[in-house]
Amino acid sequence: METLEKITIGEYVAKDFRTAALFSKYGIDFCCKGNRTVDEVCEKKAVQPADLQIEIDAILNTKSDSGIDFNAWPLDLLADYIEKTHHRYVEEKTPTLLQFLDKLCKVHGASHPELFEINELFKGCAGELAQHMKKEELMLFPFIKKMVTASISDELIAQPHFGTVKNPIAMMMAEHEAEGDRFAKIVELTNNYTPPADACNTYKVTFAMLQEFEQDLHKHIHLENNILFPKAVALEKEFAAQS
């Protein structure tokens, strides 16, 4: 039987994404730092492991009619889903957020100077994510899909120019962690996306959009770090065993 010491929080979320809300409630990063065990994060957050286990079990033992089992999806389908859902979300929301943040700095920057740092942080995030997603779309995802196709047709594949799929995955995971850290700073500066008393409607909408952006990014990173990437590494090992 699996135990708290062996299961990582990323694996729990891979089993049932509903556990993500529970970890978020305790301020536990389930995506960028999903490779830690529940026991480890409990110690850092001063949470009793047994109490958290009870809450996790309650979620896992409750059927969900709306839950999608991404863990059961073929890797090529999952890669397509990430690109068409989460990559497009970033591409669609980023220009509006950049526009709104610039406006807030001009109108409210004098009384709320933290807006300038929030703006710079999000601009950095937008630029890095744009490059990050292109690397996935042009290099990593096509190779994962090629492995899936070769596996179905029982064919061997040539070694990619990047050597092993572990290399781009390590790069992508490091970039995920960097963006997670950047958004952690945005959360701090926005007081957990709480608009000040003198906030106008644009101020409130911008903070709500930033919060939604972070939530989508968490789901995006979770699907890659905890499901797509480990399974891609495992699939590559299968090809290595055949050669």
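- The side chain to side chain contact (heavy atoms under 4.5 Å, CB included) check on V41 picks up I9, I28, R36, with sequence neighbours excluded.
- Side-chain contact between D102 and K123 is present, with at least one heavy-atom pair separated by less than 4.5 Å.
- For the side chain to side chain contact (heavy atoms under 4.5 Å, CB included) test, residues two or more places apart in sequence or in another chain that qualify with K237 are K166, V233.
- Residue N71 holds its CG atom at 9.5 Å from CG of N226, rounded to the nearest 0.5 Å.
- A side-chain N or O of D198 and one of H112 form a donor-acceptor pair less than 3.5 Å apart.
- The distance between the ring centers of Y203 and F100 does not fall below 6.0 angstrom.
- When F23, F213, F30 are each tested for a ring-ring contact (aromatic ring centres under 6.0 Å, His included) with H218, only one passes: F30.
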From CA spacing to verdict: side chain to side chain contact (heavy atoms under 4.5 Å, CB included), T194, T190: CA-CA 6 Å; T194 305; T190 60; over 6 Å; no
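- With sequence neighbours excluded, the residues forming a ring pair (Phe, Tyr, Trp, His ring centres under 6.0 Å) with H222 are F17, listed by chain and number.
- In plain terms, the two heavy atoms of P195 and F207 that are nearest each other are N-CD2, 3.8 Å.
- Side-chain atoms of L223 and L228, non-hydrogen and from C-beta on, never get closer than 4.5 Å to each other.
- In this structure E137 satisfies the side chain to side chain contact (heavy atoms under 4.5 Å, CB included) test together with E83, H87, E91, M133, K134, sequence neighbours excluded.
- Ion pairing of D76 with K146 is absent here, as no side-chain N (NZ or NE/NH1/NH2) approaches a carboxylate O to less than 4.0 Å.
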Derivation of the side chain to side chain contact (heavy atoms under 4.5 Å, CB included) call for F143 and I157: CA-CA 10 Å; F143 180 68; I157 55 172; 3.8 Å; yes
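- In this model, no donor atom of one side chain and acceptor atom of the other lie less than 3.5 Å apart for Y193 and E212.
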Which pairs would a plain distance check flag for residues 177-185, meaning a side-chain donor or acceptor within less than 3.5 Å of a matching protein atom at least two apart in sequence or in another chain?
unit_1: E179; atom_1: OE1; unit_2: R182; atom_2: NE; d: 2.9
unit_1: E179; atom_1: OE2; unit_2: R182; atom_2: NH2; d: 3.0
unit_1: D181; atom_1: OD1; unit_2: K33; atom_2: NZ; d: 3.2

For I118 and L210, what are the C-alpha separation, side-chain angles and deciding distance, and is it a side chain to side chain contact (heavy atoms under 4.5 Å, CB included)? CA-CA 10 Å; I118 294 168; L210 278 172; 4.1 Å; yes
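- Within the 4.5 Å cutoff, the side chain of L121 has heavy atoms near those of the L189 side chain.
- By the 4.5 Å heavy-atom criterion applied to side chains, I144 and K231 are not counted as neighbours.
- One distance of note links NZ of K219 with CG of D216; it measures 7.0 Å at 0.5 Å rounding.
- The line from CG of N119 to CG of L98 is 7.0 Å long, rounded to the nearest 0.5 Å.
- D39 CG to E43 CD: the interatomic distance, rounded to the nearest 0.5 Å, is 7.5 Å.
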Side chain to side chain donor-acceptor pair (under 3.5 Å) between T164 and E236: does it pass, once the steps are laid out? CA-CA 8 Å; T164 168; E236 186 182 56; 2.6 Å; yes
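- Atom CG of L22 is separated from atom OH of Y12 by 10.5 Å, given to the nearest 0.5 angstrom.
- With sequence neighbours left out, F116 forms a side chain to side chain contact (heavy atoms under 4.5 Å, CB included) with C105.
- In this model, no donor atom of one side chain and acceptor atom of the other lie less than 3.5 Å apart for H220 and H176.
- Contact annotation: the side chain of T94 approaches that of F122 to within less than 4.5 Å [non-hydrogen atoms, C-beta and beyond].
- You'll find the side chain of M171 stays beyond 4.5 Å of the side chain of H132, heavy atoms only.
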Applying side chain to side chain contact (heavy atoms under 4.5 Å, CB included), run through Q53 and Q48 and close with a yes or a no. CA-CA 9 Å; Q53 183 65 56; Q48 289 298 320; over 6 Å; no
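- I59 CD1 to K15 NZ: the interatomic distance, rounded to the nearest 0.5 Å, is 13.0 Å.
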